[in-house]
Amino acid sequence: MHVLILGGTAEARALAGLLHPHARVTSSLAGRVANPRLPEGEVRIGGFGGPDGLARWIGGHAVDRVIDATHPFAERISFNAARAAAAAHVPLLALRRPGWVPVEGDDWHEARSLEEAAAMLDGLGDRVFLTTGRMGLAAFADCPQWFLVRSVDAPEPPMPARTEVLLDRGPFTLDGERELLRRHRVDVLVTKDSGAAATAPKLAAAREAGIPVVVVRRPPVPEGVETAASVAEAAAWVMRSDQNAGT
């Protein structure tokens with residue numbers, strides 16, 4: 001069996017490692033991170049040329065199963081995967097880690113987009129810790145607030161006029177996030193609902209400090225696509241579908 005994993009996440013790497021001894025696994029990375037952590041098995045880097053290109057790649061490489069284990073906000077590739085898998089008549093599964101849920105003491109303000117998040121900042125704070133990644137900073141380019149932007153690779157313009165860039169990669173610790181908020185005098189946090197445990201400590205640090213958090217909600221999984229909430233569930237789906245195909 002040949003499994004194509006659309007990856008770039010910790011879950012994608014873990015899944016490739018779990019499946020690799022039992023199946024041929026190809027992990028596809030978008031190539032947006034300069035030095036990505038590579039999974040086990042075969043790896044390809046770069047785009048496919050839209051859903052038609054992905055469908056041709058699936059057919060040309062005898063792919064039996066496709067797993068979309070991209071970031072929850074990689075909306076374009078997720079919809080391309082749904083269209084390509086349908087065109088190639090190959091089963092598709094979306095692996096999506098559960099989203100974050102507010103707890104007592106949180107001061108969350110939900111936004112449907114980065115643009116809506118930017119519009120919410122007036123009145124919430126003047127020193128913003130922006131952890132939405134280097135893509136999409138244009139949504140905040142006209143904001144007057146000061147921004148601390150944390151990302152793995154250096155962002156490119158357009159971005160806010162008053163910006164300090166912090167290049168770092170998770171996982172992050174609660175003590176580290178507490179110190180970061182204190183040192184930079186952050187008074188509002190903006191984040192996407194990535195749901196990752198590795199980046200969740202910032203939410204606890206903001207809660208302790210009484211800092212409001214603007215949370216950008218994730219886009220929906222394409223209609224009709226089966227989902228799994230964990231690596232174990234995704235691996236079980238592959239194994240189950242393999243057994244069904246052999247009966």
*Using the side-chain contact (heavy atoms from CB on, under 4.5 Å) rule, take M1 and H22 through it: C-alpha gap first, then chi angles, then the decisive distance, then the call.*
CA-CA 8 Å; M1 171 176 285; H22 311 287; over 6 Å; no
*Polar side-chain atom of E177 near backbone of T173 as donor-acceptor pair, under 3.5 Å*: no
*Side-chain donor or acceptor of T9 paired with backbone N/O of A69 under 3.5 Å*: yes
*May I ask you to say whether D64 pairs ionically with R24, meaning some side-chain N is under 4.0 Å from a carboxylate O?*
no
*asked:* Given 3.5 Å as the limit, does a donor-acceptor pair link the side chain of R96 with the main chain of T227, or not?
replied: no
Expected list for residues 210-222: side-chain donor-acceptor pairs under 3.5 angstrom, two or more places apart:
{"from": "R217", "atom 1": "NE", "to": "E110", "atom 2": "OE2", "distance (Å)": "3.3"}
{"from": "R217", "atom 1": "NH1", "to": "D193", "atom 2": "OD2", "distance (Å)": "2.8"}
{"from": "R217", "atom 1": "NH2", "to": "E110", "atom 2": "OE2", "distance (Å)": "2.8"}
{"from": "R218", "atom 1": "NE", "to": "D193", "atom 2": "O", "distance (Å)": "3.2"}
{"from": "R218", "atom 1": "NH1", "to": "R97", "atom 2": "O", "distance (Å)": "2.7"}
{"from": "R218", "atom 1": "NH2", "to": "R97", "atom 2": "O", "distance (Å)": "3.4"}
{"from": "R218", "atom 1": "NH2", "to": "D193", "atom 2": "O", "distance (Å)": "3.0"}
{"from": "R218", "atom 1": "NH2", "to": "S194", "atom 2": "O", "distance (Å)": "3.1"}

_Lys NZ or Arg CZ of R44 over F48 ring: under 6.0 Å, within 45°_ = yes
*Taking the six-membered ring for Trp, are W57 and H61 parallel (under 30°), tilted (30 to 60°) or perpendicular (over 60°)?*
parallel
*Mark yes or no: R185 above the aromatic ring of W146, with NZ or CZ under 6.0 Å from the six-membered ring centre and no more than 45 degrees from the axis.*
no
*For the pair E233 (side chain) and A229 (backbone), establish whether a donor and an acceptor sit closer than 3.5 Å, ignoring hydrogens and angles.*
yes
_Quick one: does any side-chain atom of H184 pair with a main-chain N or O of V186 as donor and acceptor, under 3.5 Å?_
no
*asked:* Would E164 and R150 count as a salt bridge (charged side-chain N to carboxylate O under 4.0 Å, His left out) here? Give the steps.
replied: CA-CA 9 Å; E164 179 175 336; R150 182 166 69 189; over 6 Å; no
*Would you say F129 and F147 make side-chain contact, with heavy atoms under 4.5 Å?*
no
*Applying side chain to side chain contact (heavy atoms under 4.5 Å, CB included) between L29 and each of I5, V43, T70, report the one that passes.*
V43
_Any donor-acceptor pair under 3.5 Å from R134 side chain to V152 backbone_ = no
*Should Q145 and D122 count as side-chain neighbours, where that means a heavy-atom distance under 4.5 Å?*
yes
*Pairing of R178 and E208 as salt bridge, 4.0 angstrom limit*: yes
_Test of understanding: with side chain to side chain donor-acceptor pair (under 3.5 Å), list the residues that count as partners of E226, not counting sequence neighbours._
W237
